[in-house]
K.L.:
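Take this structure, written in structure tokens, and hold onto it; I'll ask about it next.
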Amino acid sequence: MAALARRSRRFISSSSSSSAAAVASSGSWWKDVQPAARDPILGVTEAFLADTHPSKMNVGVGAYRTDEGKPLVLECVRQAERRIAGTNFMEYLPMGGSVVFNDHSMKLAYGEEASVLADKRVAGIQALSGTGACRLFADFQRRFKPESHIFIPVPTWANHHNIWRDAHVPQHTFRYYDPVTKGLDFAGLMEDVKRAPEASVFLLHACAHNPTGVDPSPEQWKEISALFKEKNHFALFDMAYQGFASGDTNRDAQAIRIFLDDGHQVACAQSFAKNMGLYGQRVGCLSVVCDDTQQAVAVKSQLQQIARPMYSNPPLHGALIVSTILDDPDLKALWHTEVKGMADRIITMRELLKKNLVEAGSHLNWQHITDQIGMFCFSGLNPEQVDRLTSQFHIYLTRNGRISMAGINSNNVEYLANAIHEVTREEEAEKAA
Amino acid sequence: MAAMMASTAATTAALGCVASGQEVGRQVCTTQKMYNGLRVATAFPGQKKIEESAFASIKIRSKAIVTMAVATDVSRFEGVSMAPADPILGVSEAFKRDNSDMKLNLGVGAYRTEELQPYVLEVVKKAEKKMLEAGENKEYLPIEGLAAFNKATAELLLGADNPVIKQQRVATVQGLSGTGSLRLGAAFIQRYFPGVKVLISSPTWGNHKNILNDAGVPWSEYRYFDPKTVGLDFEGMIADIKDAPNGSIILLHGCAHNPTGIDPTPEQWEKIADVCQEKDHMPFFDVAYQGFASGSLDDDASSVRRFVARGIELFVAQSYSKNLGLYAERIGAINVVVSSPEVATKVKSQLKRLARPMYSNPPVHGARIVANVVGDPTMFDEWRAEMQAMAGRIKTVRQRLYDELSTKDKSSKDWSFVLKQIGMFSFTGLNKAQSDNMTDKWHVYMTKDGRISLAGLNLAKCAFLADAIIDSFYNVQ
């Protein structure tokens, strides 16, 4: 770490009214700073917003939309907000966040009657939504298992790679998606799990895999769990869509429950962005199942040590909303109804999209649209086809062909189907030839 | 064994992160080669292989057996030891556990009214009510945060007419209050100025060291607090800043220095700016008390504006925890004032790239509150008035405490530092043993560095506190 050579910088006098060009410095601090590439996911929305075309469609970022194409704030959330208005003092939460919120979160993930919770051996800390929860785990992994690596499915949410990279944890991938069947490459997955070194750390999507929408069946989860047991692997579940996938929160958490039943000590990164529509509030929870209460307390204390120099303590508002809802039987019941409503609309759109593609005249196999689950459909479109969808039809999605079903509604599904059919005509012709 | 030692070392490093003067190099992954060729990794310490367990061969038929099987699976995290209580936030936790009637919490810097109650500003209540009625959606903010907030915060800091704003030379990104904004700045420094050291004041807010350590940025200290005068060791400060390699980064408190309450005078700020320019240093201002220190937003920003006016490029981390009482909502910003709008655009894009794998995008609630308050002239004026009232109460309490100390202390000790210091905190000059006495004997909770939060003090308790301070100062070594 050599001392820096003397930098020369021109200082800008306060009386200068000349243009910016005159004050550009030479040999400045910033010469190594390049413009960062647009975030592949959030950058899509930026581009969409800049487009003025009347038929434009945003099927990029995974934020739910109503059938009118509008963002939705759940009624249970509105009621909770009215209830909490003016009731709190805005004091700092503890570093680990709201204890009440953490308890509710963990019950939701592991089950109300989960023995790990009854035994008080789960360390839970409120996090900045799913991203923050994953990052806390990644930093924790780096600090306490510095020799460990992370195994990530292919494909996965792009930001997973950023998170573990910035946490300085080396990454490996395991097979997951089969582009031929547009379903799960189960054999490949099991083989890669087997080949990984004993006691590896794996990132698993609990339900509604992002970006593919392809989930293992319960039977497949049981096999995965058994193999994990054999290999002594550790599972971190990223659960961003509990309730949002099937409409049933217990069903969507099945994978985690299967692992718990098999005696695994898992970790779970939960997000309330989608299932409670609290996107911008940044509410989530990281929990880690431990041997006993004492260890859980120790692990929690260390997670707090990671949070403290990142943001000190998490924001209150979103956590209060979640606790208020989960604490009140009526609000909680309302929430279940609403989340099922969102899941049902998505399922309906899947059916409609497939139907419209057939009606548009496409002869390609679109079965995966309805086989896949959750917010996203991995369409199978290649980057060139995606680019055409955007440039020609003003339809915005990520270049891996991931379509956010939430951005589809009864008014635009036909337009989308026709556009997809258009850009895949060549593919169809090739198949026919 | 090696893995066990590595794990222990990591734990020790994690616990020892607040050691004074510690430098931190970059972490390196040393186990890459283990995974090439997929050789079996070293077992984690304490891990029992499943085959060794007596229960492994029993099929899982019932929950009871599952529970027993679990007991033999040793956790990955067996080696994780209990982290020490946070020196600042841990104080409030200890205070809560105390059952004494006379207990007084002068630990964390959260404002209290004269009745020692938390205080939600009227403008905040109004803003929240307005937001509730507007029924806005809860969509993700962009990675850089709420645009209206970013505009307002840069203007509050620098003045809406500031040439650097007009010339678009400020990169502003909403951050998770002061901590999160500092962390973004530190992460940027680590990535783009690798090896450059940050100089922090001795003492400084404890979490500064944690932030720099976790970001992997080396740091060292410059002299600041002079225990003899209970004031600023200006010569020491200047000497240490001059001594640092050219092109270092100097962390400065914009106003109301935490924990001492001691700020440089305007003349001293000029001299500090001179030295920074001579040495090509980059200042990094931590502005957590703008408006809260003197009661005036503009006066409290004068140090930053002074530097900016000279054309110095710098970082500024802001927080609205104290001045708008938005502690819980984590609202602040990192601002980087640079040489050109092109650079500002690039810097902003890279700050976003650092934020995305930390939390993706910042929380919306606090940002909307600030934007609403600042955006409405009536609410803005009301805010100013409330800020003046808060700052005023602190000044009143300082005066009373000083009066009590001067009256009760029969020696000729000069307690006027209580009046000279500014902002929420006062560095009493009490050492750790004396601070412990404050807590153990007098149930006065404060941090071990002798810092008291005047925001937690009211007029009624000044006499009592004076007694406690005098007792601790004279009767404990």
K.L.:
Check each atom of Val343(B) against the heavy atoms of chain A and say whether the ones under 4.5 Å are side chain, backbone, both or neither.
P.N.:
side chain
K.L.:
So do Trp29(A) and Val347(B) actually touch side chain to side chain, heavy atoms under 4.5 Å?
P.N.:
no
K.L.:
Given that the side chain runs from C-beta out, which part of Val73(A) has a heavy atom under 4.5 Å from chain B: side chain, backbone, both or neither?
P.N.:
side chain
K.L.:
Where on Glu128(B) is there a heavy atom nearer than 4.5 Å to chain A: the side chain, the backbone, both, or neither?
P.N.:
side chain
K.L.:
Below 4.5 Å from any heavy atom of chain B, which atoms of Asn313(A) appear? Answer side chain, backbone, both or neither.
P.N.:
both
K.L.:
Classify the angle between the aromatic ring planes of His317(A) and His365(B) as parallel (below 30°), tilted (30 to 60°) or perpendicular (above 60°).
P.N.:
parallel
K.L.:
For Val288(A), is it the side chain, the backbone, both, or neither that has a heavy atom closer than 4.5 Å to a heavy atom of chain B?
P.N.:
side chain
K.L.:
Quick one: are Lys346(B) and Pro35(A) in side-chain contact, heavy atoms under 4.5 Å?
P.N.:
yes
K.L.:
Measuring heavy-atom distances to chain B, does Glu46(A) have an atom under 4.5 Å in its side chain, in its backbone, in both, or in neither?
P.N.:
side chain
K.L.:
So what's closer than 4.5 Å to chain A heavy atoms on Ile369(B): side chain, backbone, both or neither?
P.N.:
side chain
K.L.:
At a heavy-atom separation under 4.5 Å, does Val164(B) approach chain A through its side chain, its backbone, both, or neither?
P.N.:
neither
K.L.:
Give, as side chain, backbone, both or neither, the part of Val283(A) having an atom under 4.5 angstrom from any heavy atom of chain B.
P.N.:
neither
K.L.:
Report which part of Lys274(A) has an atom under 4.5 Å of a heavy atom belonging to chain B: side chain, backbone, both, or neither.
P.N.:
side chain
K.L.:
Can you say whether Glu136(B) sits under 4.5 Å from chain A via the side chain, the backbone, both, or neither, judging by heavy atoms?
P.N.:
backbone
K.L.:
Tell me, for Ala133(A) versus chain B, whether the close heavy atoms (under 4.5 Å) come from the side chain, the backbone, both or neither.
P.N.:
neither
K.L.:
So for Arg82(A), is it side chain, backbone, both, or neither that comes closer than 4.5 Å to the heavy atoms of chain B?
P.N.:
both
K.L.:
Which atoms of Lys129(B) are under 4.5 Å from chain A, going by heavy atoms: the side chain, the backbone, both sets, or neither?
P.N.:
neither
K.L.:
Tell me, for Ser321(B) versus chain A, whether the close heavy atoms (under 4.5 Å) come from the side chain, the backbone, both or neither.
P.N.:
side chain
K.L.:
Indicate yes or no: does Arg142(A) engage Asp214(B) in a salt bridge with an N to O separation below 4.0 Å.
P.N.:
no
K.L.:
What I want to find out is whether Glu139(B) reaches Arg65(A) closely enough, with some N-O distance under 4.0 Å, to be called a salt bridge.
P.N.:
yes
K.L.:
So which part of Pro142(B) gets closer than 4.5 Å to some heavy atom of chain A, the side chain, the backbone, both or neither?
P.N.:
neither
K.L.:
Tell me, for Ser312(A) versus chain B, whether the close heavy atoms (under 4.5 Å) come from the side chain, the backbone, both or neither.
P.N.:
both
K.L.:
Relative to chain B, which segment of Asn88(A) carries a heavy atom at a distance below 4.5 Å: side chain, backbone, both, or neither?
P.N.:
backbone
